[in-house]
Protein chains: 2
Amino acid sequence: MPEFLDLHSRTTKVLRGLAETAMRRHGLHQGQDHLLAALWERDGSTPGEIAAALHVTTPTVVKMATRMSAVGLLTRRRDEHDSRLVRLWLTDAGRALQGPVEAERRSLEEKVTADLTEDERRQLMIALTKVYKSGSDLL
Amino acid sequence: MPEFLDLHSRTTKVLRGLAETAMRRHGLHQGQDHLLAALWERDGSTPGEIAAALHVTTPTVVKMATRMSAVGLLTRRRDEHDSRLVRLWLTDAGRALQGPVEAERRSLEEKVTADLTEDERRQLMIALTKVYKSGSDLL
DNA sequence: GCCACATCGTTAGACGGCAAATGACTAGGA
DNA sequence: TCCTAGTCATTTGCCGTCTAACGATGTGGC
């Protein structure tokens with residue numbers, strides 16, 4: 001199995017595990033912090049908009065929204081001008097997580113890149129960006 | 001959201017998508033190629049051994065093995081000396097995929113790293129390895 | 001020789017993710 | 001005005017992944 005794909009895949013699993021336990025501390029499941037981040041950025045977004053922002057399909061957002069609304073992180077409301085649209089609105093509980101969750105995420109990033117020199121970190125971002133671009137074009 | 005974690009996460013989604021469509025060409029689902037690779041390396045491995053090799057939990061391997069045996073890629077057989085153990089054995093169909101799948105995977109790696117200079121590729125591997133190590137220690 | 005403990009695989013249930021099918025509503029053209 | 005085509009969200013069903021609970025088999029100490 002090719003070097004880079006293999007290493008990237010292993011790294012993904014590790015980061016996934018770390019993010020999972022970090023977010024569980026705030027009562028969230030993996031990925032729900034991203035959905036919240038979209039609403040912190042623009043409260044009242046539609047599932048489609050959020051899906052596009054998260055690079056995920058709409059059904060995924062719909063399912064997550066259902067669960068998150070069940071635990072009181074957000075509410076669903078139809079748009080008053082266009083009834084096809086649904087808008088997701090943060091509850092106080094959802095808003096309250098912004099500070100802690102963003103701090104948690106920054107902390108994780110720091111811990112995980114702690115062993116990199118400033119130069120290595122820069123090179124990593126450049127190279128990974130190229131891979132991301134190449135991959136996106138192929139998709 | 002932190003730079004690196006965000007970029008890595010987006011890259012993961014893209015690579016996942018590419019691997020998915022690449023493997024579907026051979027009738028496989030994402031990840032099943034890794035399980036097969038473990039058996040190509042050592043046919044007759046146990047679910048636990050494979051799980052360790054793939055950095056995945058045993059139940060995950062068990063489920064995948066059930067599906068893959070249903071489509072005739074491998075068979076289950078209990079170990080004759082220790083009945084607690086189950087060993088997974090490749091069928092001809094499973095063995096036949098080795099060449100094509102490995103080629104497919106190499107091809108994907110090349111396409112995705114095509115824009116990197118040799119130096120960038122080396123730096124990427126070094127930096128990502130450090131991240132992987134730091135992450136593993138935190139887990 | 002028997003029984004408690006360790007080691008495996010399996011099952012159950014939850015979640016994120018995807019594709020395809022469905023349903024509700026809007027908008028635009030004849 | 002009405003009907004068709006387009007746009008959304010949702011549902012359904014599958015896969016990979018995890019944790020926790022369960023069940024079966026070996027092993028070692030007494």
Side-chain angles (χ1 to χ4, degrees), chain A residues 9-10 12-24 27-36 38 44-52 54-71 73-88 139, chain B residues 9-10 12-24 27-36 38 44-52 54-71 73-88 139:
Chain A
S9 145
R10 288 202 316 269
T12 295
K13 289 196 173 73
V14 168
L15 292 182
R16 188 168 161 12
L18 289 171
E20 180 111 16
T21 67
M23 288 310 144
R24 178 154 28 230
L28 295 180
H29 291 276
Q30 167 64 25
Q32 298 189 339
D33 55 328
H34 293 109
L35 199 164
L36 286 179
S45 296
T46 68
E49 289 167 351
I50 295 174
L54 304 194
H55 303 96
V56 146
T57 61
T58 307
T60 296
V61 172
V62 169
K63 276 193 189 177
M64 289 176 65
T66 299
R67 287 164 187 143
M68 292 170 75
S69 108
V71 296
L73 291 169
L74 51 84
T75 63
R76 265 190 171 89
R77 210 181 314 149
R78 298 212 89 91
D79 185 288
E80 20 180 316
H81 299 308
D82 187 341
S83 302
R84 290 172 303 182
L85 301 180
V86 161
R87 298 199 173 273
L88 304 180
L139 213 45
Chain B
S9 145
R10 287 201 319 267
T12 295
K13 288 195 174 74
V14 168
L15 293 182
R16 190 171 164 14
L18 289 171
E20 181 111 16
T21 66
M23 288 310 145
R24 180 156 22 232
L28 296 179
H29 291 275
Q30 167 64 23
Q32 298 190 338
D33 55 329
H34 294 110
L35 199 163
L36 287 179
S45 294
T46 68
E49 289 168 351
I50 295 175
L54 304 194
H55 303 97
V56 146
T57 62
T58 307
T60 297
V61 173
V62 169
K63 279 193 185 177
M64 287 177 65
T66 299
R67 287 164 187 145
M68 291 171 75
S69 107
V71 297
L73 290 169
L74 52 83
T75 63
R76 264 190 172 88
R77 209 181 313 150
R78 299 211 89 91
D79 185 289
E80 18 180 315
H81 300 308
D82 188 340
S83 302
R84 288 172 305 181
L85 302 180
V86 161
R87 298 200 172 274
L88 303 181
L139 215 45

Mind checking if [X] touches a base, just sugar-phosphate, or nothing, with heavy atoms under 4.0 Å?
{"X": "B/Gly48", "value": "sugar-phosphate"}
{"X": "A/Gln32", "value": "sugar-phosphate"}
{"X": "A/Arg24", "value": "nothing"}

Measure the distance from [atom1] on [X] to [atom2] on [N] and round it to the nearest whole Å.
{"X": "B/Leu28", "N": "D/dC15", "atom1": "CG", "atom2": "C1'", "value": "13 Å"}
{"X": "B/Met68", "N": "D/dC14", "atom1": "CE", "atom2": "P", "value": "18 Å"}
{"X": "A/Gln30", "N": "D/dT19", "atom1": "CD", "atom2": "P", "value": "13 Å"}
{"X": "B/His29", "N": "D/dG13", "atom1": "NE2", "atom2": "P", "value": "17 Å"}
{"X": "A/Arg16", "N": "D/dT19", "atom1": "CZ", "atom2": "C1'", "value": "13 Å"}
{"X": "A/Arg77", "N": "D/dA9", "atom1": "CZ", "atom2": "P", "value": "16 Å"}
{"X": "B/Arg84", "N": "D/dT27", "atom1": "CZ", "atom2": "C1'", "value": "8 Å"}

Could I get the full list of side-chain hydrogen bond (donor to acceptor under 3.5 Å, both in side chains) partners for [X], not counting sequence neighbours?
{"X": "A/Ser69", "result": "none"}
{"X": "B/Thr75", "result": "none"}
{"X": "A/Arg16", "result": "none"}
{"X": "B/Thr21", "result": "none"}

Could you pull out all residues at least two apart from B/Ser9 that satisfy side chain to side chain contact (heavy atoms under 4.5 Å, CB included)? B/Lys13
Would you please name every residue forming a side chain to side chain contact (heavy atoms under 4.5 Å, CB included) with A/Ser83, sequence neighbours left out? none
Carefully, step by step, assess A/Arg87 and A/Glu49 under the rule side-chain contact (heavy atoms from CB on, under 4.5 Å). CA-CA 10 Å; A/Arg87 298 199 173 273; A/Glu49 289 167 351; 4.2 Å; yes
A/Arg84 meets the salt bridge (charged side-chain N to carboxylate O under 4.0 Å, His left out) criterion, sequence neighbours left out, with A/Asp82
Which of the following nucleotides, D/dT17, D/dT10, D/dG16, is nearest to the side chain of A/Lys13?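 Closest of the options to the side chain of A/Lys13: D/dT17.
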From the set D/dA9, D/dG6, D/dT25, return the single nucleotide nearest to any side-chain atom of B/Ser83. D/dT25
Does a nitrogen or oxygen in the side chain of B/Arg67 sit under 4.0 Å from OP1 or OP2 of D/dG16? yes
More 5' along DNA chain C: B/Pro47 or A/His55, using each one's nearest nucleotide? B/Pro47
Contact nearer the 5' end of DNA chain C, comparing A/Arg78 with B/Thr46: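 That would be B/Thr46.
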Non-hydrogen side-chain atoms of A/Val62 and A/Arg76 separated by less than 4.5 Å: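 Sidechains of A/Arg76 and A/Val62: in contact.
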Span of DNA chain C engaged by chain B, first through last nucleotide within the 4.0 Å heavy-atom cut-off, is C/dT7 to C/dG17
Say you draw a straight line from CG of A/Leu18 to CD of A/Gln30; how long is it, rounded to the nearest 0.5 Å?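 Nearest 0.5 Å value for the CG-CD distance: 10.5 Å.
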Selection: residues 56-66 of chain A, any non-hydrogen atom under 4.0 Å of DNA chain C: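 Heavy-atom contacts with DNA chain C come from A/Val56, A/Thr57, A/Pro59, A/Thr60, A/Lys63, A/Met64.
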